[in-house]
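Working notes, beginning with the structure itself.
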Amino acid sequence: MKKSGWIILSLLIVLLFSGCAKTESAENPGFVMGFSQLGSESGWRLGNTRSIQEAAEAAGIDLIFLNAEQKYENQISHIRRFIANQVDIIVFAPIYNVGWDNVLQEAYDAGIPVVIIDRGIILENDDLYTAFIGSDFEKEGERAADFLLEYYKGTTDDIKVIELRGTENSTPALGRAEGFRKVIEVKENIQIVGSFDGDFMKSRGKEIMANILDAGTEFDVIYSHNDMMTYGVIETLESKGIRPGVDVVIITVDGEQKMIELLEQGKVNCVVECTPLLGEKVMEICTGIVNGETVPKEIYSDETVFTMWDDLSELPPRGY
């Protein structure tokens, strides 16, 4: 074959493989995401993890998943490992709202964007993370209080509330407490007579409720910052012959499938939704960031409230 023929053949081969490469790139984002999940303490958290993993697989994103097992130091180690591995983007659900400045500065200096999901954080320099994706926790607290005001509409009797808070210094706990108080402060007859750190754990819900009953504290309402603590509360109440949802008004936050079933059974009065199904939105936002697009700093989930007055017969399965 003449030299000119070899040149033409080589050019055709290059063009052929170039076209294949472009097609593959269009179908596959082709980047690596490091994801540090804070733990696996609840159905909500497991649903959140599954949502991220399934969405990453569907989008063709290479996901490095690490479970911090409820330990702050593990998450710091995870982020540093992602930096060392030179991932394209870091995603994490922080266990606390403070203590991230140094490690996120390291990610920033390495040119790796960071997306926070589920829980927010407080930084001296907000430029150290690109976006937050999750719930408006203060709004969730307001929705819980709105139900309480509607439930006791027209009542002038004193209403005593027990609050079970989430993990100390976590944004869900802070926001749900603040939003709730902002609404009920207009009602002098509604008082929080006890507020306890339940750490979002079922065992703590059981323990706190048992201690309250043993102390003889009077209360009318339980406002629990998540479903796991509420399960523990319900078990303790029932063990003492107290009917949850009837003798005591129960308001909870999350919306797990099991809790919706308890709502239908009349053992819970109000469920404020906090969806863990963030996967598709996380992949969408992260793909945009990696591609150099400008994204909103805060992206909130669309959520609702389920109450004892609703017909839930046609509600689709929750997925968590």
Side-chain angles (χ1 to χ4, degrees), residues 28-42 44-123 125-137 170-172 274-301 320:
N28 188 331
F31 64 85
V32 179
M33 173 188 296
F35 173 46
S36 174
Q37 179 62 280
L38 67 86
S40 53
E41 77 285 358
S42 64
W44 193 101
R45 187 66 53 192
L46 294 173
N48 181 242
T49 296
R50 185 169 57 251
S51 175
I52 298 294
Q53 291 174 327
E54 291 177 353
E57 182 178 2
I61 295 169
D62 293 327
L63 181 70
I64 302 175
F65 168 75
L66 297 175
N67 185 344
E69 299 177 346
Q70 298 287 325
K71 295 179 180 179
Y72 163 76
E73 59 271 20
N74 285 352
Q75 288 203 291
I76 295 293
S77 176
H78 292 172
I79 294 171
R80 289 195 167 123
R81 189 184 308 180
F82 295 149
I83 295 170
N85 289 340
Q86 298 182 325
V87 300
D88 296 291
I89 194 165
I90 294 172
V91 177
F92 78 110
I95 187 167
Y96 301 130
N97 67 339
V98 295
W100 308 101
D101 297 79
N102 291 338
V103 72
L104 293 192
Q105 183 67 57
E106 294 171 23
Y108 186 85
D109 292 341
I112 301 175
V114 173
V115 171
I116 302 158
I117 68 166
D118 175 29
R119 302 180 180 182
I121 60 176
I122 299 172
L123 298 169
N125 179 9
D126 284 344
D127 290 340
L128 298 184
Y129 75 96
T130 304
F132 164 80
I133 303 171
S135 300
D136 186 334
F137 301 119
S170 68
T171 50
C274 177
T275 181
L277 307 181
L278 306 176
E280 289 186 10
K281 179 59 68 174
V282 170
M283 300 311 139
E284 174 192 334
I285 295 298
C286 288
T287 299
I289 292 169
V290 171
N291 289 336
E293 299 173 10
T294 300
V295 302
K297 191 72 172 181
E298 296 180 335
I299 301 101
Y300 292 118
S301 305
Y320 61 99

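In what follows, residues are counted from 1 in the order of the sequence shown. The figures that follow rest on heavy atoms only: side chains count, while hydrogens, waters and symmetry mates do not.
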Would you give the length of the straight line joining atom [atom1] of [X] to atom [atom2] of [Y], rounded to the nearest 0.5 angstrom?
X: Glu293; Y: Thr287; atom1: CD; atom2: OG1; value: 8.5 Å
X: Tyr129; Y: Leu123; atom1: OH; atom2: CG; value: 7.0 Å
X: Thr275; Y: Tyr320; atom1: OG1; atom2: OH; value: 5.0 Å
X: Asp118; Y: Cys274; atom1: CG; atom2: SG; value: 6.5 Å
X: Leu278; Y: Ile285; atom1: CG; atom2: CD1; value: 11.5 Å
X: Phe35; Y: Asn48; atom1: CZ; atom2: CG; value: 5.5 Å

Between [X] and [Y], is any pair of side-chain heavy atoms under 4.5 Å apart?
X: Met283; Y: Ile52; answer: yes
X: Ile79; Y: Leu104; answer: yes
X: Phe92; Y: Ile116; answer: yes

Tell me which one of Asn291, Val115, Ile61, Ile90 satisfies side-chain contact (heavy atoms from CB on, under 4.5 Å) with Cys286.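 Among the candidates, only Val115 passes.
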With a 3.5 Å distance limit and no angle check, can you tell me whether Lys281 reaches the backbone of Ile299 through a side-chain donor-acceptor pair?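 Checking the backbone N and O of Ile299 against the side chain of Lys281, no donor-acceptor pair under 3.5 Å is found.
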Backbone N or O of Ala68 within a donor-acceptor pair of the Asn74 side chain at under 3.5 Å?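 A pair under 3.5 Å: yes.
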Pairing residues for [X] by the side chain to side chain donor-acceptor pair (under 3.5 Å) criterion, not counting sequence neighbours:
X: Glu69; value: none
X: Thr49; value: Gln37
X: Ser36; value: Gln75, His78
X: Tyr300; value: Glu298

Run the side-chain contact (heavy atoms from CB on, under 4.5 Å) test against Ala110 and tell me which residues pass, sequence neighbours left out.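 Only Ile83, Ile112 meet the side-chain contact (heavy atoms from CB on, under 4.5 Å) criterion with Ala110.
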For a quick test of reading the model, state the closest non-hydrogen atom pair linking [X] to [Y] and the distance between them.
X: Ala107; Y: Val114; answer: CB-CG2, 3.9 Å
X: Gly47; Y: Leu277; answer: O-CD2, 4.1 Å
X: Phe31; Y: Ile89; answer: CE1-CG2, 4.0 Å
X: Gly120; Y: Thr171; answer: N-OG1, 2.7 Å
X: Arg45; Y: Gly39; answer: CG-O, 2.9 Å

Verdict with supporting geometry, Ile95 and Gln70, side-chain contact (heavy atoms from CB on, under 4.5 Å): CA-CA 7 Å; Ile95 187 167; Gln70 298 287 325; 3.7 Å; yes
All pairs passing side chain to side chain donor-acceptor pair (under 3.5 Å) where residues 86-112 contributes a residue, at least two apart: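 Only Arg80-Glu106, Gln105-Asp109 qualify under side chain to side chain donor-acceptor pair (under 3.5 Å).
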